[in-house]
Amino acid sequence: MSAETTEQFDQNQADRERFGFLVNPDLTYRRIVFDEETVRETLGGVTEEFADVAFDQDGNRFHAIFRPDAAQLGQEPNPVASLARNTSETDNPEFLTDPTRAVCGPVIFTAADGGSVNEDTIAEVLQAIRAVENYRDDNAEEFDLWRNAVLNR
């Protein structure tokens, strides 16, 4: 391929785009490239809200971008983001303990500075997804009580 046939590189667009990891309340996930417009499309509206999150007490801290009004819009609780937010705020990695601080709707995980997520972070999110799946399967009644408490807050 010659230089004449390659597309023009848009540095401004490249500067706005970041790599993130999208996790939905149903625990489906995917890697995404996003900018402000993509965040609005993905999360269903304008948001500048994020939470500091972590998956273990001594681990890295990340950001989770989400819509703060997702619960009022009837979106489902996001157990992975809620677990990570609780761990970051309280250094307590216990599962789903505070329904009042739960995050609802889809969440985009990014680096702590809001930049691109790295492979180590993605590995931690995937481990948290597996942990939530196991917890939900092993403690279905407790999980449902937490979910209902979030939805009824």
Side-chain angles (χ1 to χ4, degrees), residues 12-139 142-153:
N12 289 331
Q13 181 179 2
D15 290 342
R16 289 188 314 268
E17 291 181 336
R18 298 167 283 175
F19 292 100
F21 199 67
L22 173 70
V23 178
N24 293 301
D26 65 1
L27 305 182
T28 58
Y29 57 87
R30 65 184 166 96
R31 296 168 194 251
I32 63 169
V33 176
F34 70 97
D35 59 13
E36 288 182 31
E37 184 175 325
T38 310
V39 168
R40 281 191 295 275
E41 292 170 8
T42 304
L43 301 181
V46 177
T47 184
E48 293 181 15
E49 184 75 21
F50 68 90
D52 289 323
V53 296
F55 293 103
D56 57 52
Q57 293 168 322
D58 300 322
N60 294 326
R61 298 300 197 243
F62 317 106
H63 280 170
I65 302 170
F66 64 97
R67 283 194 62 169
D69 62 347
Q72 290 84 357
L73 297 172
Q75 294 186 12
E76 285 289 315
N78 190 314
V80 173
S82 299
L83 173 65
R85 183 184 208 177
N86 186 61
T87 302
S88 176
E89 290 178 350
T90 66
D91 280 335
N92 180 1
E94 294 295 320
F95 273 90
L96 312 173
T97 57
D98 186 358
T100 65
R101 299 292 294 152
V103 176
C104 292
V107 171
I108 301 172
F109 289 99
T110 68
D113 62 1
S116 291
V117 70
N118 62 33
E119 292 301 315
D120 291 339
T121 302
I122 290 173
E124 289 191 47
V125 175
L126 290 172
Q127 184 176 352
I129 290 170
R130 286 189 296 275
V132 168
E133 287 172 330
N134 290 333
Y135 180 84
R136 182 182 61 192
D137 292 344
D138 294 344
N139 302 287
E142 288 179 31
F143 184 85
D144 285 341
L145 289 171
W146 172 82
R147 180 185 166 274
N148 290 334
V150 173
L151 292 174
N152 293 319
R153 64 180 170 180

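Along the sequence shown, the residues carry numbers beginning at 1.
Qualifying side-chain hydrogen bond (donor to acceptor under 3.5 Å, both in side chains) partners for Gln72, counting only residues two or more places apart in sequence or in other chains: none. Here Arg30 pairs with nothing under the salt bridge (Lys or Arg N to Asp or Glu O under 4.0 Å) rule; sequence neighbours left out. When the side-chain hydrogen bond (donor to acceptor under 3.5 Å, both in side chains) test is applied to Asp144, no partner is found at least two apart in sequence or on another chain. Residues satisfying the side-chain hydrogen bond (donor to acceptor under 3.5 Å, both in side chains) criterion with Thr121, sequence neighbours excluded, are Asn118. Checked against side-chain hydrogen bond (donor to acceptor under 3.5 Å, both in side chains), Thr28 has the following partners two or more places apart in sequence or in another chain: Asn24, Asp26.
Sparse packing is recorded around OH of Tyr29, with 12 or fewer heavy atoms of other residues, nucleotides or ligands lying under 6.0 Å away.
Of all heavy-atom pairs spanning Val150 and Pro77, the tightest one is CG1-CG, 3.5 Å. Annotation for Trp146 and Ala102: closest pair CZ2-CB, 3.9 Å, computed over non-hydrogen atoms. When all heavy atoms of Leu73 and Arg67 are compared, the pair lying nearest together is CD1-NH2, 3.3 Å. Between Pro25 and Pro106, the closest heavy-atom pair is CD-N, 3.9 Å. The two residues Val53 and Ala64 make their nearest non-hydrogen contact at CG1-CB, 3.8 Å.
Contact annotation: the side chain of Val107 never approaches that of Val80 to less than 4.5 Å [non-hydrogen atoms, C-beta and beyond]. Side chains of Arg85 and Phe66 form a contact here, defined as non-hydrogen atoms less than 4.5 Å apart. With contacts defined as side-chain heavy-atom distances shorter than 4.5 Å, the pair His63/Asp52 qualifies. Considering only heavy atoms from C-beta on, Cys104 comes within 4.5 Å of Arg153 through its side chain. A 4.5 Å side-chain heavy-atom check between Glu124 and Phe62 finds at least one atom pair inside the cut-off. Residues Arg147 and Pro79 form no side-chain contact, since every pair of their non-hydrogen atoms from C-beta on lies 4.5 Å or further apart.
Not a single donor-acceptor pair under 3.5 Å links the side chain of Ser88 to the backbone N or O of Ala84.
With rounding to the nearest 0.5 Å, the separation of OG1 in Thr110 from CZ in Arg18 is 6.5 Å. Asp138 CG to Phe143 CZ: the interatomic distance, rounded to the nearest 0.5 Å, is 12.5 Å. Between the OG atom in Ser116 and the CZ atom in Arg31 there is a gap of 12.0 Å [rounded to 0.5 Å].
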Distance-only donor-acceptor pairs under 3.5 Å for side chains of residues 129-136, two or more places apart:
from   : atom 1 : to     : atom 2 : distance (Å)
Asn134 : ND2    : Arg130 : O      : 3.3
Tyr135 : OH     : Glu142 : OE1    : 2.9

Discussion item. Please determine whether side-chain contact (heavy atoms from CB on, under 4.5 Å) holds for the pair Phe34 and Ile108, giving the CA-CA distance in whole Å, both sets of side-chain angles, and the decisive distance to 0.1 Å.
Written reply: CA-CA 9 Å; Phe34 70 97; Ile108 301 172; 3.9 Å; yes
